[in-house]
Amino acid sequence: MKKILTLLAVLFSFTAIAQPAPDYSKLSQHPRLILKGSDIELVRKKMYNDPAIRTMHYNIESRANRCLNEVPCERIKTGKRLLSISRKVLERVSFCSYAYLISGNEIYAERAEKEMLAAANFIDWNPSHFLDVGEMTAALSIGYDWLYDWLSEESRAKIEEAILNKGLNAATTKMWWYRGKNNWNQVCNGGMVMGALAIFDKHPEVAKIHIERALKSNPIAQECYGPDGVYPEGYGYWEYGTSFELLLIESLRTALGSSFGLEDAPGFLESAKFMNYMVGPTGSVFNFSDCGDPINAVMAWLYWFALETGDMSLVYRNHQILSKGGKPRGIDRIAPIALLFAARCDASKIKPIEKSFWAGNGEQPVFVYRSGFNSKYDTYLAAKGGSASLNHAHMDSGSFIYEWGGVRWAIDLGSQSYYSLEKLGIKIWKKGQNSERWSVYRLNNYPHNTLTVNGELHRFKGNAKMVEVYNKPNKHGAKFDMSSVLGGLSSAYRTIYADKNHNIICIDKMQADNSECNVSWNMSTGAKATIINDRTISLKQNNKEVIIRAISPSNTKAYIKSNDPGTEYDAKNKNTCRVGFSTSIAPNKSATFKVKIEPQL
């Protein structure tokens, strides 16, 4: 009975979200997906006087030229996924369609058509892993719409049929992602709405179902941005989910004249600030959760947020890198759409970011401090709370990143290839305290820059909340309540901050339960580590040095350990190690781990 009531509650929440009814009489002519009538001429004009636009255009043009010599994709899965093929089709179709529009050279249109017809002939787009369908539907919808006047009636009919039967009709109300509070909802709904709008003239009733279904479903996913813009799945998945959120919003605007208020979700627009602060002075990102570490990445989708909010500082870093010829990153496979947003911006109004501190609450609370935005040698401290129970989360509550002098001293090892684990039968998507997911070294708490008690895993359902924030001249940081995360302790609070001399102070106040417990204070690093004594560790890298000192308690012992787990399935984590201190706490007694990380100036 309890399960039935829960299911009914979920279904009710899905159907009860009110949205204004679309006025389909306002449907625009092709092209109606994101592309505006003035966009192509604007790009042509700006590429001559704006080096950032020129860089983006030439990167796209070069990739389109390489596509000309590649054979169309085949339906070849990697494990359970067709996703790499869907993404390749999306890249080729969007790049070549753009290249045709900007140049008028039909060779690009012909190449995009060939790719779309090949994908249209696939037996299906792998609906068992629906992200594959979402991205493939988006791919054919963009090409069909942007090349509509050029395509023959025969080609249009084949592409329409594929969008209808392999895209839209593959999505039923039983799909779990309609109720998902994550990137799946955004990507799949984005693809379905683009497909529905693309072929609306031919199949209006089916199209209406998918548009209206998305307007009810998508706000569920947007809850994850609230209240302050922290995307709980991290930097990489913000890029993925939010880019398709923008495809959804802008497709509705250009096709039906309204986004139906989707951009007004609490925290959504603020998430652009979150993304800016996630990038450290060295160019590496705070790569918590299942995230890699792209160096000097350009988040081109921030141009949309700059246009929407009027805050041109959001693209300051982007524009600097691009103006120097940097390669844009920001869901590369749909970079032409990001370029359209960039071209609509007035580069003369772009200004530097002024605030050195940012904090956001939500499911994965985060704070970030950086001493400046103009040098790779600036100091950077970022830390997080949150829970391992969230989508794509690691057991990393309380973890932090630290940069000083152009070196990232405290690192996150990042994610591991899903397929490398799945092919060995490791069930990384089954959640729970005893899930196989936590046997993967990079995903559990052992290598993260946090506490471990009695050598045990963090509590899966624990949730470290950010309970205080400090932004004073000599104290930039926050306090996290980690009591529910750490077994063996009746309470645990981590306070971590940067002082005016660029030192990092980390204070862990702990109370043991009725048994003695052993606590490890851990930090992973790529530096060369040397133990000076039981309370002092030296780290050296790139002719720089920092000293890590355990100020308290008195019974600490320094350690250096390998980050190679020694298993068949784990990444080897070469050129890294973990350093830290261990201590013991008597039953029902309190102790304070106070650790200071000191740059040697």
Side-chain angles (χ1 to χ4, degrees), residues 381 383-385 388 394-402 409-413 438 441 444-459 462 464 467 477-499 503-525 527 529-539 546-563 565 576-598:
L381 174 66
K384 68 177 292 294
H394 293 187
M395 288 182 165
D396 60 359
S397 298
S399 195
F400 65 93
I401 293 293
Y402 172 54
W409 299 97
I411 66 173
D412 189 310
L413 298 177
W438 311 124
Y441 184 73
N444 63 43
N445 46 287
Y446 303 142
H448 283 102
N449 308 330
T450 186
L451 299 176
T452 293
V453 180
N454 295 329
E456 296 176 356
L457 294 172
H458 281 186
R459 289 171 174 161
V467 294
K479 180 179 182 180
F480 298 93
D481 181 355
M482 297 180 61
S483 304
S484 65
V485 173
L486 301 171
L489 299 177
S490 58
S491 68
Y493 291 86
R494 163 162 284 193
T495 299
I496 184 167
Y497 63 90
D499 68 15
N503 300 310
I504 304 304
I505 314 297
C506 184
I507 302 170
D508 293 296
K509 293 187 175 181
M510 305 165 288
Q511 175 78 38
D513 60 19
N514 56 11
S515 300
E516 181 181 19
C517 62
N518 297 302
V519 182
S520 297
W521 185 102
N522 191 76
M523 189 182 104
S524 280
T525 184
T530 304
I531 294 176
I532 305 301
N533 55 50
D534 279 349
R535 304 165 69 86
T536 310
I537 300 172
S538 166
L539 300 181
V546 300
I547 297 293
I548 309 177
R549 302 185 193 277
I551 297 172
S552 68
S554 58
N555 61 332
T556 60
K557 186 173 181 61
Y559 64 77
I560 300 172
K561 297 181 180 181
S562 170
N563 265 333
T576 73
C577 66
R578 51 186 172 125
V579 300
F581 306 95
S582 60
T583 192
S584 60
I585 309 175
N588 302 310
K589 297 296 183 179
S590 62
T592 298
F593 242 140
K594 184 174 182 180
V595 176
K596 186 176 184 180
I597 307 175
E598 303 174 75

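In what follows, residues are counted from 1 in the order of the sequence shown. Bear in mind the structure is a predicted one, so any value in this text is a computation, not a measurement.
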Please determine, by modelled atom types, if [X] and [Y] share a side-chain donor-acceptor pair under 3.5 angstrom.
{"X": "Asn522", "Y": "Tyr559", "value": "yes"}
{"X": "Ser483", "Y": "Asp481", "value": "yes"}
{"X": "Ser490", "Y": "Asp513", "value": "no"}
{"X": "Thr450", "Y": "Asn445", "value": "no"}

Tell me, do [X] and [Y] make a side-chain contact under 4.5 Å, heavy atoms counted?
{"X": "Trp521", "Y": "Arg494", "value": "yes"}
{"X": "Glu598", "Y": "Val546", "value": "no"}
{"X": "Cys506", "Y": "Tyr497", "value": "no"}
{"X": "Ile548", "Y": "Val579", "value": "yes"}
{"X": "Ile597", "Y": "Met523", "value": "yes"}

Which atom names give the shortest non-hydrogen contact between [X] and [Y], and what distance separates them?
{"X": "Gly488", "Y": "Arg459", "result": "N-NH2, 4.3 Å"}
{"X": "Asn588", "Y": "Gln511", "result": "O-NE2, 2.7 Å"}
{"X": "Asn533", "Y": "Ile531", "result": "O-CG2, 3.3 Å"}
{"X": "Tyr441", "Y": "Arg578", "result": "OH-NE, 3.0 Å"}
{"X": "Pro553", "Y": "Phe593", "result": "CD-CD2, 3.7 Å"}
{"X": "Phe480", "Y": "Lys384", "result": "CE2-C, 3.6 Å"}

Rounded to the nearest 0.5 Å, how far does [atom2] of [Y] lie from [atom1] of [X]?
{"X": "Thr583", "Y": "Leu451", "atom1": "OG1", "atom2": "CG", "result": "11.5 Å"}
{"X": "Leu486", "Y": "His458", "atom1": "CG", "atom2": "NE2", "result": "5.0 Å"}
{"X": "Ile585", "Y": "Asn518", "atom1": "CD1", "atom2": "CG", "result": "9.0 Å"}
{"X": "Ile537", "Y": "Ile560", "atom1": "CD1", "atom2": "CD1", "result": "6.0 Å"}
{"X": "Tyr402", "Y": "Asn503", "atom1": "OH", "atom2": "CG", "result": "7.0 Å"}
{"X": "Ser515", "Y": "Leu489", "atom1": "OG", "atom2": "CG", "result": "11.0 Å"}

Is a side-chain N or O of [X] found less than 3.5 angstrom from the main chain of [Y], in a donor-acceptor match?
{"X": "Arg535", "Y": "Ser554", "value": "yes"}
{"X": "Thr556", "Y": "Ala550", "value": "no"}
{"X": "His448", "Y": "Gly398", "value": "no"}
{"X": "Thr536", "Y": "Arg549", "value": "no"}
{"X": "Asn449", "Y": "Ser399", "value": "no"}
{"X": "Thr592", "Y": "Lys509", "value": "no"}

Exercise. Would you please test Thr576 and Thr525 for side-chain contact (heavy atoms from CB on, under 4.5 Å) and show each step?
Key: CA-CA 6 Å; Thr576 73; Thr525 184; over 6 Å; no
Quiz item: Hey, mind stepping through Leu413 and Asn563 against side-chain contact (heavy atoms from CB on, under 4.5 Å) and telling me if it holds?
Solution: CA-CA 9 Å; Leu413 298 177; Asn563 265 333; 4.1 Å; yes
Self-check item: Trace of the side-chain contact (heavy atoms from CB on, under 4.5 Å) decision for Met395 with Trp438
Solution: CA-CA 8 Å; Met395 288 182 165; Trp438 311 124; 3.6 Å; yes
Quiz prompt | Matching residue for Asn454 among Cys517, Ser520, Ser584 - test: side chain to side chain contact (heavy atoms under 4.5 Å, CB included) | solution =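 With Asn454 as partner, side chain to side chain contact (heavy atoms under 4.5 Å, CB included) holds for just one option, Cys517.
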Exercise. Begin from the C-alpha positions of Lys596 and Ile504 and carry the test side-chain contact (heavy atoms from CB on, under 4.5 Å) through to its verdict.
Key: CA-CA 6 Å; Lys596 186 176 184 180; Ile504 304 304; over 6 Å; no
Quiz item: Regarding Lys479 and the six-membered ring of Tyr493, is the cationic atom NZ or CZ under 6.0 Å from the ring centre and inside 45° of its axis?
Solution: yes
